[in-house]
There are 2 protein chains.
Amino acid sequence: LKKRDAVAILLAGRALAPAKAEGRGAAAANIALCKYWGKRNEELNLPITSSLSVSLGELGTRTRILPCAGRDEVALNGQPVAARSKFATRLSSFLDLFRPAAEFRFRVETDNSIPTAAGLASSASGFAALVLALNDLFGWGLDPRSLSILARLGSGSAARSIFDGFVEWHAGAAADGMDSFAEPLPYEWPDLRMGLLVVSSEAKPVGSREAMRRTRRTSVLYEAWPIKVAHDLVVIKDALREGDFDLLGRVAESNALAMHATGLAAWPPVLYWRPATVAQMHRVWEVRDRGLRVYFTMDAGPNVKLLFPREEEPSVRESFPDVQVVAPFGPEAG
Amino acid sequence: LKKRDAVAILLAGRALAPAKAEGRGAAAANIALCKYWGKRNEELNLPITSSLSVSLGELGTRTRILPCAGRDEVALNGQPVAARSKFATRLSSFLDLFRPAAEFRFRVETDNSIPTAAGLASSASGFAALVLALNDLFGWGLDPRSLSILARLGSGSAARSIFDGFVEWHAGAAADGMDSFAEPLPYEWPDLRMGLLVVSSEAKPVGSREAMRRTRRTSVLYEAWPIKVAHDLVVIKDALREGDFDLLGRVAESNALAMHATGLAAWPPVLYWRPATVAQMHRVWEVRDRGLRVYFTMDAGPNVKLLFPREEEPSVRESFPDVQVVAPFGPEAG
């Protein structure tokens, strides 16, 4: 099954004809508390396990899409993007799935409020916003579940960025991926804060697609990963239900560490940490030993993301002067 | 079964009476290429898996033991050691197993040629040398296998330091540990070199006994560790048989990384690496990408140990100016 076949199932005969002059979409970035790590189908971005994230409130992507002539045009934060860049070619090949005719071209204007150096994946909110904009342009009126699946075809974790707040992406079991979509969870934690610590904004030495593939194929520790996830998902949902911040923090931190651990036993080894990453990790453990309620998570990169309750913000800012604080449920919340 | 019972089985009625004025023993330190990580019996230091090491040639421990009056006396590198220190109390409680009478006291003079800041475990060569010295003092004439088991009762990896060169410690299966001993392997690699890189000589935040226990009990990744070891032992022995240095290096590095990885998923997490550890790891990967045949291993601490063939020594010294080079099969070898 190809992406194109999955799109045909989802659109179910809906027209590929613009219903209006332009389409718009907006989506928040998300940080997984239980990670997506390993694909069972690389074409369709079908994951081996479910995952769970929290969206980043104001940080995300706004996208406007409209027909144009000649060739696809891409602008990022107001600047034109070279057609041959990785960014534009990935976008264009996703748009190939939705062209009304072979010669049809799109203009995509996308604005990221994610600080580019923050080490946050912009592909999740990027593909989610793009799918929402396409749905608007073509007037499909798709349900959120179908939008989540469409976004997943662009980038796995984009399935989660269709929603705000706490979101679970169900792994699903179907070969066509129609049961592999995200859903919002009915919990709000206005007091939750995240802290972004930028260690390095260099490009990753190994992309996450290649890292997942290598880990799944060569690391014997990966065999335990689905067991870890099955356990962590249950406990994170318990923590959300009971409002137990420390339980949430503990499981999120352990889940991230285990994800990174599986890559160490791959060959060649996969290690995203830089020396400063490890310094920040030890710093978190030190201040936590002194009573601060702070935990961390990390994605496939060197940067560290803190989790803490609102009342710890002054102490966290004191211990981590460079931290950028994000309020997932809005800055006024709490 | 207690240590004392295991000693009774091994001594099989041999006298606990000094056969001479003093006993002497010497043993080399060892570095595991396939790690000992996890005990199935903490009293008897019985491991969950087998392990395989190479001894460090000239680096090790020489010990002299003789009867004395009053209280146990311990001297380390010519300096008296306080009776209440961790070092002396651990020694005395091991010696309790061998006192001819309740009031019998030992004087132990031990010299380590391991640089104290090198981050090398001295307990392996220390307990091996002590057991050899006791065997000499009491005139037991024990076979090497029994000496290896006795040394294991002092410190697990001491079982391997009874022998030089490549050594395998068999996990064994018996409840009394009588099949858990080390044996030398029939391979010599005069060209093999090890490089010691000292990152930190601070005391470990978590001792290896506690780290093993915590990892075994709380890290789901530990379930894959025995599978990894079973595989790595086969491949390391293939590499030794075939003289394949790169295969040996690859498996030793992967084994060490996997050992450290299991601790990351423990709670609280176990991480021995410091920022400088990660810097050295990246440095090894960088120079290897440029063609240098160098791999690393790491024990339960922050220091990095390089593995390379003799002909790479000049390049290794250039890339790692602080390296201390060791020739496991003698400096004249190769």
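Each chain gets a letter, A, B and so on, in the order the sequences are listed, and its residues count up from 1. Keep in mind the model is a prediction, meaning the values are calculated, not measured.
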* Of all heavy-atom pairs between B/Ala261 and A/Leu264, which one has the smallest distance, and what is that distance? -> CB-CD1, 3.8 Å
* Asked: With only heavy atoms counted, which part of B/Trp273 is less than 4.5 Å from chain A, the side chain, the backbone, both or neither?
  -> both
* Asked: What part of A/Met259 is in contact with chain B, defined as an atom under 4.5 angstrom from a non-hydrogen atom: side chain, backbone, both or neither?
  -> neither
* Structure fact -> Max heavy-atom pairs within cutoff under 4.5 Å with chain B, candidates A/Glu223, A/Arg250, A/Lys228, goes to A/Arg250
* Structure fact -> Among B/Ala266, B/Pro269, B/Ala265, B/Ser219, the residue with the most heavy-atom pairs under 4.5 Å to chain A is B/Pro269
* **Winner by heavy-atom pair count (cut-off under 4.5 Å) against chain B, out of A/Gln280, A/Arg274, A/Met281** => A/Arg274
* Any idea which heavy atoms bring A/Leu271 and B/His282 closest together, and the distance? -> O-CE1, 3.8 Å
* Heavy-atom count around A/Glu318 CD within 6.0 Å, excluding the residue itself: above 12? -> no
* Nearest heavy-atom pair of A/Ala224 and B/Val220: which atoms, and what distance? -> CB-O, 3.6 Å
* Counting only heavy atoms not in B/His170, do more than 12 sit closer than 6.0 Å to its NE2 atom? -> yes
